[in-house]
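The structure under discussion appears below in the form of structure tokens.
Below, all heavy atoms of this structure are taken into account, side chains as well, without hydrogens, waters or symmetry copies. In this text the structure is predicted, and so the values were computed from the model without any measurement.
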Amino acid sequence: MSAPAPPLLERLARVVGPGRLLTADSDLAPFLTDHREIYHGRAFAVAQPDTAGQVAELLAVCNAHRIGVVPQGGNTGYCGGATPDDSGAQLVISLARLNRIRAVDALNDSLIGEAGCLLADVQRAAQAAQRFFPLSLGSEGSCQIGGNLSTNAGGVHVLRYGMMRDLVLGLEVALADGRLLSSLTRLRKDNTGYDIKSLFLGAEGTLGIITAASLKLFARIRATATAFAAVRDPGAAVELLARLREASGERVSSFELIPRIAVELTTRHIPGVRDPLDAAHAWYVLCELTSARAADPCDAMLTECLEPALEEGLVEDAVVVRNERERSALWKLRETIPEAQRRDGASLKHDISVPVAAIPAFIERAGQWVRDHVPEGRLVSYGHVGDGNLHFNINQASTTDRTAFLARGETVKRAIHDLVREFDGSISAEHGIGRLKVAELERYAPPVELELMRAVKHAFDPNGILNPGKVLREQR
Ligand code: FAD
Ligand code: MLT
Ligand code: ZN
């Protein structure tokens, strides 16, 4: 495939209207690389539609002419899914202008938003209606709900509210052949055959382009208690989680594991981040209880759990926040870990999950492997341990050459992912496959599952125009 001839370019330009088909190199540049600058692609144009109809029309033209399209949301993804290949023959479709909140229905606890709405704007719209939209990620100020749906994003509230997949009632999707699937239902019960919408969730733009979604809202949070606790080891963290759940049930809404090195990196690289405790400890958890009832004694439940744990040595020290300023300081520490890691140097990232109870054994085994085999790296293993998801990352030590360190990536990934398989875990817990993990999916997914995935891809996109080469290898 090569770049389309001028009449076809004019046709695409007519679909989106004046100035909305970018072709100048300087205009294209921001859309051609991912935020970590690992992938660099080329595209003949970037289209900026502002209606679902325009997205569908773009696809009809591209399908007729076998032009590959790459949907792009906030471009905060980790797997290169939103970056075009290097052929220069693909069209990037930016969803940023589809950013209207179409409806908020507080009585039905639902909201309909367009794909290009920033996640933070959806959270704000829910709040304005005295409701709560629970998806929360460090990138929420720049990622879009279309990207969140397409990667089935996770984040810091999964243990209570589930992943993005669990927050969806209905979808509107532009299909490869230009039809618009309009299924923006607000129903919680609907058993009418196959759940087609679920196929687009986590499909990373390979089955259709999501243009809008009907999302679930929840009761507004009126009581919050947050603690930063130093724990003896990851086993103590898992034990503390079980105790918190026992004491407060559904109220546990976040439970994040943080190693000492993450405190060192954030305090060194991120202005304003301070170590919350006086002495250094090997491991910490940031945990939060929340409730929709203002009178719910979340603080008491948290301290009643922490006090005996302190006496037993499970917890070595802890601070419970007294106000919103202290709370946001703790969350800033947690959410800037990826940025601090980036500023510190190159990193080898592994977004994995294992059953929660297996987290300590996994950290022990995989950590030992890293110490034995990657002496030039420093393990930065943190994450959403309440739902078994670890960001098992290895940062380059300051004395190491960046290129030589990154060249170790394949060997390290193989060892870590093989171990994940041994633990019945997943090689992509929340970031998806994109182009980064296509070969990994082929290696670790059950063959029957891969066959079914290819059949689904063929049924939805017989000409292979939708995000070619992402999730599944291109079929020719
Ligand atoms: P993009 O990066 O633009 O795209 C991601 C994929 O979706 C691509 O394949 C793209 O083609 C496709 N796509 C985008 N929009 C559409 C659409 N409308 N229709 C069809 N396909 C589409 N992720 C987590 O899960 N949990 C975290 O805790 C988390 N924390 C993060 C913290 C930071 C600081 C950063 C930078 C990222 C973090 N991420 C996290 C990763 C990222 O923010 C999520 O994957 C997010 O869901 C991507 O959304 P996006 O709009 O940026 O999508
Ligand atoms: C996070 O939880 O901070 C991100 O998903 C992980 C990352 O950015 O590496
Ligand atoms: Zn994460």
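Ring centroids of His431 and His350 are separated by 6.0 Å or more, keeping the two rings apart. Checked against a 6.0 Å centroid threshold, the rings of Tyr161 and Phe132 count as neighbours. For Phe423 and Phe362, the ring centers are positioned less than 6.0 Å apart. Side-chain rings of His384 and His157 stay apart, their centers remaining 6.0 Å or farther from each other. Taking the centre of each ring, Phe200 and Phe460 come in below the 6.0 Å mark.
With rounding to the nearest 0.5 Å, the separation of CD in Glu449 from CZ in Arg454 is 11.5 Å. To the nearest 0.5 Å, atom CD1 of residue Ile427 and atom CD1 of residue Ile433 are 4.5 Å apart. Remark: Leu181 CG to Leu207 CG distance equals 12.0 Å, nearest 0.5 Å. In this structure, the separation between NE2 on His40 and OG1 on Thr33 is 4.5 Å, given to the nearest 0.5 Å.
Residue Tyr382 forms a side-chain contact (heavy atoms from CB on, under 4.5 Å) with just one option from Leu257, Ile337, Leu390, and that option is Ile337.
Side-chain contact between Phe31 and Val70: absent, with no pair of heavy atoms (C-beta onward) separated by less than 4.5 Å. In this structure the side chain of Met163 reaches within 4.5 angstrom of the side chain of Glu430, judged on heavy atoms. Taking the side chain as every heavy atom from C-beta outward, Trp331 and Leu286 approach each other to under 4.5 Å.
Note on Arg378 versus Asp344: salt bridge recorded, some NZ/NE/NH1/NH2 to OD/OE distance being below 4.0 Å. The pair Lys470-Glu204 does not count as a salt bridge, with every side-chain nitrogen at least 4.0 angstrom from each carboxylate oxygen. Here Arg260 pairs with Asp275 in a salt bridge; the nearest charged N to carboxylate O distance falls below 4.0 Å. Salt-bridge check for Asp195 with Lys197: passed, with a basic side-chain N closer than 4.0 Å to an acidic carboxylate O. Here Asp177 pairs with Arg179 in a salt bridge; the nearest charged N to carboxylate O distance falls below 4.0 Å. With salt bridges taken as basic N to acidic carboxylate O contacts below 4.0 Å, one links Arg443 and Asp418. Checked for salt-bridge contact, Glu474 and Lys457 miss the test: no charged N lies under 4.0 Å from a carboxylate O.
Note on ring orientation: taking the six-membered ring where Trp is involved, the planes of Phe228 and Tyr284 are parallel (angle under 30°, cut-offs 30° and 60°).
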Result block: side-chain N/O donor-acceptor pairs under 3.5 angstrom for residues 49-62, not counting sequence neighbours:
from: Asp50; atom 1: OD2; to: Arg97; atom 2: NH2; distance (Å): 2.7
from: Thr51; atom 1: OG1; to: Gln54; atom 2: N; distance (Å): 3.0
from: Gln54; atom 1: OE1; to: Asp50; atom 2: N; distance (Å): 2.9

Task: Full working for side chain to side chain donor-acceptor pair (under 3.5 Å) between Gln368 and Asp372 - done: CA-CA 6 Å; Gln368 194 54 53; Asp372 291 345; 3.1 Å; yes
